[in-house]
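Each chain gets a letter, A, B and so on, in the order the sequences are listed, and its residues count up from 1.
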Number of protein chains: 2
Amino acid sequence: MRARGGWRIIRGVQCLAVISMENLTPEAMEQVAAYFRALSEPTRLAILNLLREGERNVGELAQLCSCSPANVSRHLSLLSQHGLVRREGRGTAVYYRIADDSVYALCDLVCGNIARRYQRSQPFPGV
Amino acid sequence: MRARGGWRIIRGVQCLAVISMENLTPEAMEQVAAYFRALSEPTRLAILNLLREGERNVGELAQLCSCSPANVSRHLSLLSQHGLVRREGRGTAVYYRIADDSVYALCDLVCGNIARRYQRSQPFPGV
DNA sequence: GCATTATTTGCGTGATTGGTTAATTAGTCA
DNA sequence: TGACTAATTAACCAATCACGCAAATAATGC
């Protein structure tokens, strides 16, 4: 992967900014696709949404999104594999928290795209 | 739907993030998931990448990404359904172009997330 | 109309995925 | 150690998906 723009300073923070998807190898492209795939499931989006306010354990998340603990655990495992959430066992429970806030920026960006798209024809469904 | 935030800079990418994913109905959440699903396939990402430089017809895209025209046509149909590309027939050919440049901001943002993740452990695969 | 080229669509197939249930593992406390 | 709770994993099923192939559709020129 070529870092176009490379490292730059944004508001005093050194960031690896403006990486482009161009000229990626097939393996890297698959990584990007897999990242999007992790976000392509309503239940996983709901879980990420629930973690906005802070950490939660598996049982809490299962109750809040009306899923079985087994199901939630698997979703969390997948999210963890892609670095979206961080795992921390405390006692018999396992707490999960967001690993990178930029996920919300991504989701909100997509929300905006969809909303703008619907504003040209019909209102955004379920607003 | 509440408009909040407006333009913001996320890791060097200017984004119109007016909308938040919070408090979405299940149907709206499914829309967001479907949008991500459209981006969760390497071939579709490759097609979007090829359209960076301008419009292309189905045959050209098929040749450039080593896929069958039928396959490419199907991918384009799906991308079109989600408002990612725009269709325009000219002669017997059908040309597609990017409908919204913000897709690239999304993809590049994800590239950055993955690259940062790998920098902590191993180099990004396929650099 | 007929032939040609480009695109789309119908259908079958193998692979992947989300969900459920049950078994297993991990941690705590008596 | 044994009982108990929470989380993970395995096995399985149903649904979805990407792809290949072939048929159908659309647009152009003879």
Quick check: closest heavy atoms across B:Glu22 and A:Arg52, and the distance to 0.1 Å? CG-NE, 3.2 Å

C:dG18 base / A:Arg44 side chain donor-acceptor hit below 3.5 Å: no

Output the rounded distance in Å from CD (A:Glu88) to C1' (D:dA7). 15 Å

Think A:Thr43 has a side-chain N or O under 4.0 angstrom from the OP1 or OP2 of C:dG19? yes

Here the distance between atom P of D:dC19 and atom CG of B:Leu76, to the nearest Å, is 12 Å

Kindly point out which of C:dT8, D:dT8, D:dA18 is positioned nearest to the side chain of B:Glu41? D:dA18

Taking only the side-chain nitrogens and oxygens of B:Tyr96, find out if one of them lies under 4.0 Å from OP1 or OP2 of C:dA6. no

Over how many whole Å does the gap from A:Phe36 atom CZ to D:dC17 atom P extend? 18 Å

Closest heavy-atom contact between B:Ser40 and A:Arg37? O-NH2, 3.1 Å

What's the CG-P distance between B:Leu78 and D:dA18, to the nearest Å? 7 Å

Spell out yes or no: do the side chain of B:Arg74 and the base of D:dG20 have one donor N/O and one acceptor N/O closer than 3.5 Å? yes

Distance-only side-chain donor-acceptor flag, B:Arg74 / B:Asn71, under 3.5 Å: no

Can you tell me how far P of D:dA6 sits from CD of A:Glu55, to the nearest Å? 17 Å

Taking CD from A:Gln63 and P from D:dT5, how many angstroms apart are they, rounded to a whole number? 15 Å

Rounded to the nearest 0.5 Å, how far apart are OG1 of B:Thr43 and CD of B:Glu41? 4.0 Å

Taking CZ from B:Arg56 and C1' from C:dT7, how many angstroms apart are they, rounded to a whole number? 18 Å

Which nucleotide in D:dA7, C:dA6, C:dT21 has an atom nearest any side-chain atom of A:Ala70: C:dT21

Residues B:Glu88 and B:Arg86 bridged, charged N to O under 4.0 Å: no

Rounded distance (Å) that lies between atom P of D:dA6 and atom CD of A:Glu60: 11 Å

Which listed nucleotide (C:dT7, C:dG19, D:dT8) is nearest to the side chain of A:Arg87? D:dT8

Under 4.0 Å between a side-chain N/O of B:Asn57 and OP1 or OP2 of C:dA6, yes or no? no

Salt bridge or not between B:Asp100 and A:Arg116? Use side-chain N to carboxylate O under 4.0 Å. yes

Would you say a side-chain N or O of B:His75 is under 4.0 Å from OP1 or OP2 of D:dC17? no

For A:Arg37 and A:Gly91, take the nucleotide of DNA chain C holding the closest heavy atom to each; which residue's nucleotide lies nearer the 5' end? A:Arg37

Within less than 4.0 Å of OP1 or OP2 of C:dG18, is there a side-chain N or O belonging to A:Asn71? no

Any side-chain N or O of A:Ser68 under 4.0 Å from OP1/OP2 of C:dT20? yes

Report yes if a side-chain nitrogen or oxygen of B:Thr92 is closer than 4.0 Å to either non-bridging phosphate oxygen (OP1 or OP2) of D:dA27; otherwise report no. no

